[in-house]
Amino acid sequence: METRKLTMGQAIVEFLQQQYVERDGNEGQFFAGMFGIFGHGNVAGIGQALHQYADSFRFYQTRNEQSMVHTAAAFAKMNNRLRAFACTTSIGPGATNMITGAAGATINRLPVLLLPGDIFSTRLVAPVLQQLESPSSQDYSVNDCFKPISRYWDRINRPEQIITALPEAMRVLTSQSETGAVTLALPQDVQAEAYDYPSQLFEKRVYTIPRPRADEGLLNRAVAWIRESKRPLIIAGGGVIYSEATAELAEFVERTGIPVGETFAGKGSLSYNHPQNLGAIGVTGTPGANISAREADLVIAIGTRLSDFTTASKTAFQNPDVRFIGINVTEFDAYKHAALPLVADARVTLSELATAVAGYQVDATYAAQIEKYRAEWEEEVNRLYHAKIKPILPGRPGLPSQSEVIGVVNEFSRPEDVMVCAAGSMPGDLHKLWRTRNPKQYHLEYGYSCMGYEIAGGLGIKMADPSRDVYVMVGDGSYLMLAQEIITSIQEDYKLIIVLVNNEGHSSIGGLSRATGVQGFATRFRYRDEESGELSGDFLPVDLAANAASLGANVIEATSLQSLKAALHEAREAPQTTVVKIDVDYYEQVPGYESWWDVPVAEVSEVDTAQEAYEAYESDKQKERYFL
C-alpha cells in the first residue's frame, strides 16, 4: 500500500481539504477553512500544518474561541448545512471557551468540527500548563466537558487513530439527522508526531446528502388524516429551509388552503405576505397563528423540534381531539407529541403529499378566518412599526421603541439582505414583526438564544454569501458579551451593518422579572446605591459607540428614527463594518398574543407582586397537556 509520512496535524489538514458533499447533483467542498487561536497546545502541531498548507486551505485568525464557533455555526446554517468550518484552539481555557459555541451548534443541529489541543498522551510531561489534574484518573482533561454537547467525540492518543476517527467525524457532520458539534481532542505531542499514512486517506471523498422518503403505509395514513381534518395547521420549522423545500411548501398550502405558523428557525419558509402565512407561532407568535393552534384538529409539524417556545410550554394545542403528523429527517423529532412519524426529507414528502391529497381544501369558513387573522395582524405590525411612545424616564423624553427601530430597518433593507439576532427581547419582537421576503433574510439563533452570537454570527453569514448586506441587530447586553469579531470582519473585509440598540440594561429579563413579581431586580446597568445597597443609582457611563470605534468600526450615532434612516443609508454606502447606535425605551415592549410561557414563580414569598404572579402562574399552568 502506498503511504505518505506526515505529522498528524498535516494529515488532518490534507484530509479536510478533500471532503466534498453532493445533493441533487450539486457538488461542493465541505470545509471552507479553519478558524483558530494558537497556544502551546496547537501552535507546533495543527498550527504548523496550517502554515505549511496556507496556500490551499484558508486559516482565519479570530479573537475569541466562543465566537469562532458561533461564526462557523452561522456559516453552516446559511449554507443549509452543506458547508462547514473547523475550529482549533490550544488546551485549557482556549478549549473550554469553545464549549458554549459547541452547545449552540449541537442544539441548532449545525455542523462544526472542533479540534482542541489536549494534554500530552505520553503523560511524562505532567502537569502541563493549563492541565486539569484528577486524583481519580490520569485520562481526564477539560476536553471531556465536550462529551455531552458533541454529536461525536474522540481523543486521538496515537497518530494512526485519525485513519478511523476522521471518516466517523465526517459521517456525523454530513448527516442531516445527526449533525452538530464534532470534537476531536488532539494531544499536543501527538499532533506533531509523524506516521506513514495510507495515501488513500487523502483521496477526494464525496458524501451524498440523501432525500429519504417516508414509509408508504404511514404516508397513506397521513393522507387520510389530512383529508379528514377540518382545521389543520402546519408548523414550519428550520427543516423546511435546510431541505430547500420552501417552494414545495408554498405549492402544498396553495392547493389545500392549510395555514402555516413559523418557528424561529422556520421563519422565511413562506414570504410574510403569502395568503397562507399566519406568521410566528408560540410564545412569541401572532394572534392568528396561536388561535389556529389552539383550535386545530390536526397539526403537521415539518422540520421542527417542537420546543417549549413553539408549543407555548405544551399549552398551544387545546383541541381535545388534536392529532399530529411529524415530518422530520430526525426520528427523535418526528415522534414528538405522539405524532404519526414520517421520518423523511421535507421536500420529497411535501411533493408526495401534494399529489396524494389532490382535491382537498379547507372549507370557506376556515379560509375566511385565515384571511381575517392576516389582515388584522398587518394592521398591528403597522401600528407597532409607527407607534408613538410616551416619555417614561425623566430627562430622556421621546425615545423610540424597539419595534419602531425594527420597522425602520425592515423597511430599509432589501429582500436579499439578512437580519441576524440571538438573545434578549429583540428575537421575540423580530419573530413577530420582521416581514420576511426571502428564505435566508431572517437568521435567529434561538435554539440556545446565546448572548454574544450576533456579531460573530453575522460574520459567518457574510462569509457564506458576501453578495448580501448583513444587518446585525444586537442589544447592549449582548454587545457587551462578544463584540471582538468586529476586528475580524475588518481584517477579512467582510462588511457588517451592526444596529446597536441601547436601553442600558437587560430589557427582556426586566420584563420577565416584572411579570414574575421580581420587579425588574438587577436588570439595569446602574451604580450601586450607597444607602439601599442595591443597583439603583445613576446609569453607568458606558460609551458603546466609542468602544465600537476603538475596534476599528465606522460608527454613526442616531438620535431619532429619522436620523436612523439616514444612518442606514450611510452605512450601506460605507466600505467597512459600520455600527449604528440608537437609544430606545427600556420599558416599551411588544405585547404577547394568545400565548404563555412556563417560567416558574416563587411558590411562597413575602413580596406582594410575587404572590400575585404565583396565583396567575398556577392558573395558566393548568393548560399544559401531555400528548401520549
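- Tyr446 and Asn108 share no side-chain donor-acceptor pair at under 3.5 Å.
- Geometrically, Arg435 engages Tyr385 in a cation-pi contact defined by less than 6.0 Å to the ring centre and at most 45° from the axis.
- Residue Gln484 holds its CD atom at 11.5 Å from CE of Met68, rounded to the nearest 0.5 Å.
- Under the 3.5 Å distance criterion, the side-chain polar atoms of Lys462 are left unmatched by any main-chain donor or acceptor of Val470.
- Between the side chains of Arg437 and Ser413, at least one donor N or O lies within less than 3.5 Å of an accepting N or O.
- Tyr471 contributes atom OH, which lies 10.5 Å from atom CG of Asn410 (distance to the nearest 0.5 angstrom).
- Without hydrogens or angle criteria, Thr263 side chain to Thr310 main chain gives no donor-acceptor distance under 3.5 Å.
- Ser292 OG to Ile370 CD1: the interatomic distance, rounded to the nearest 0.5 Å, is 6.5 Å.
- Side chain of Lys77 to main chain of Gly460: no donor-acceptor pair is present (N/O by atom type, distance under 3.5 Å, no hydrogens or angles).
- Checking Ser403 against Ser401 by side-chain atom types alone, a donor-acceptor pair falls below 3.5 Å.
- Without hydrogens or angle criteria, Glu262 side chain to Gly268 main chain gives a donor-acceptor distance under 3.5 Å.
- Of the N and O atoms on the side chains of Ser489 and Thr577, at least one donor lies less than 3.5 Å from an acceptor on the other residue.
- The line from CG of Leu544 to CD of Glu504 is 9.0 Å long, rounded to the nearest 0.5 Å.
- The aromatic rings of Phe627 and Phe324 sit perpendicular, their planes meeting at an angle over 60°, well past the 30° parallel limit.
- Using a cutoff of 4.0 Å between basic side-chain nitrogens and carboxylate oxygens, Arg374 and Glu371 are not scored as salt-bridged.
- Put simply, the side chain of Glu485 gets close to the backbone of Asn64: a donor and an acceptor are under 3.5 Å apart.
- Checking each of Ser508, Ser425, Ser507 against Gln589 for a side chain to side chain donor-acceptor pair (under 3.5 Å) leaves exactly one that passes, namely Ser507.
- Arg63 and Thr488 form a side-chain donor-acceptor contact under 3.5 Å, judged by distance and modelled atom types alone.
- Annotation: the span from Arg305 atom CZ to Asn328 atom CG amounts to 10.5 Å, rounded to 0.5 Å.
- Here the side chain of Thr106 pairs a donor or acceptor atom with the backbone of Ala181 at under 3.5 angstrom.
- Counting heavy atoms from C-beta on, the side chains of Asn273 and Glu378 never come closer than 4.5 Å.
- A donor atom on one side chain and an acceptor atom on the other are found under 3.5 Å apart for Thr523 and Tyr586.
- Side chains of Asn290 and Glu594: a donor-acceptor N/O pair is absent below 3.5 angstrom, by distance only.
- A distance-only check finds no donor-acceptor pair linking the side chain of Ser313 to the backbone of Trp597 [under 3.5 Å].
- Asn277 approaches Ser271 most closely through the heavy-atom pair ND2-O, 3.1 Å.
- Checking His443 against Tyr453 by side-chain atom types alone, a donor-acceptor pair falls below 3.5 Å.
- Interatomic distance, Leu500 CG to Ile556 CD1, rounded to the nearest 0.5 Å: 12.5 Å.
- For the pair Arg528 (side chain) and Gly533 (backbone), a donor-acceptor distance under 3.5 Å is present.
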| request: Check the pair Phe264 / Glu445 against side-chain contact (heavy atoms from CB on, under 4.5 Å), numbers first and verdict last. | output: CA-CA 8 Å; Phe264 273 97; Glu445 190 291 288; over 6 Å; no

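- Residues Asn319 and Glu295 have side chains not in contact (no heavy-atom distance under 4.5 Å, counting atoms from C-beta outward).
- Gln402 places no side-chain N or O within 3.5 Å of a backbone atom of Val584 that could act as its donor or acceptor partner.
- Between Phe412 and His569, the ring planes are perpendicular. Angles over 60° get that label, and only those under 30° would be called parallel.
- The pair Glu534-Arg524 does not count as a salt bridge, with every side-chain nitrogen at least 4.0 angstrom from each carboxylate oxygen.
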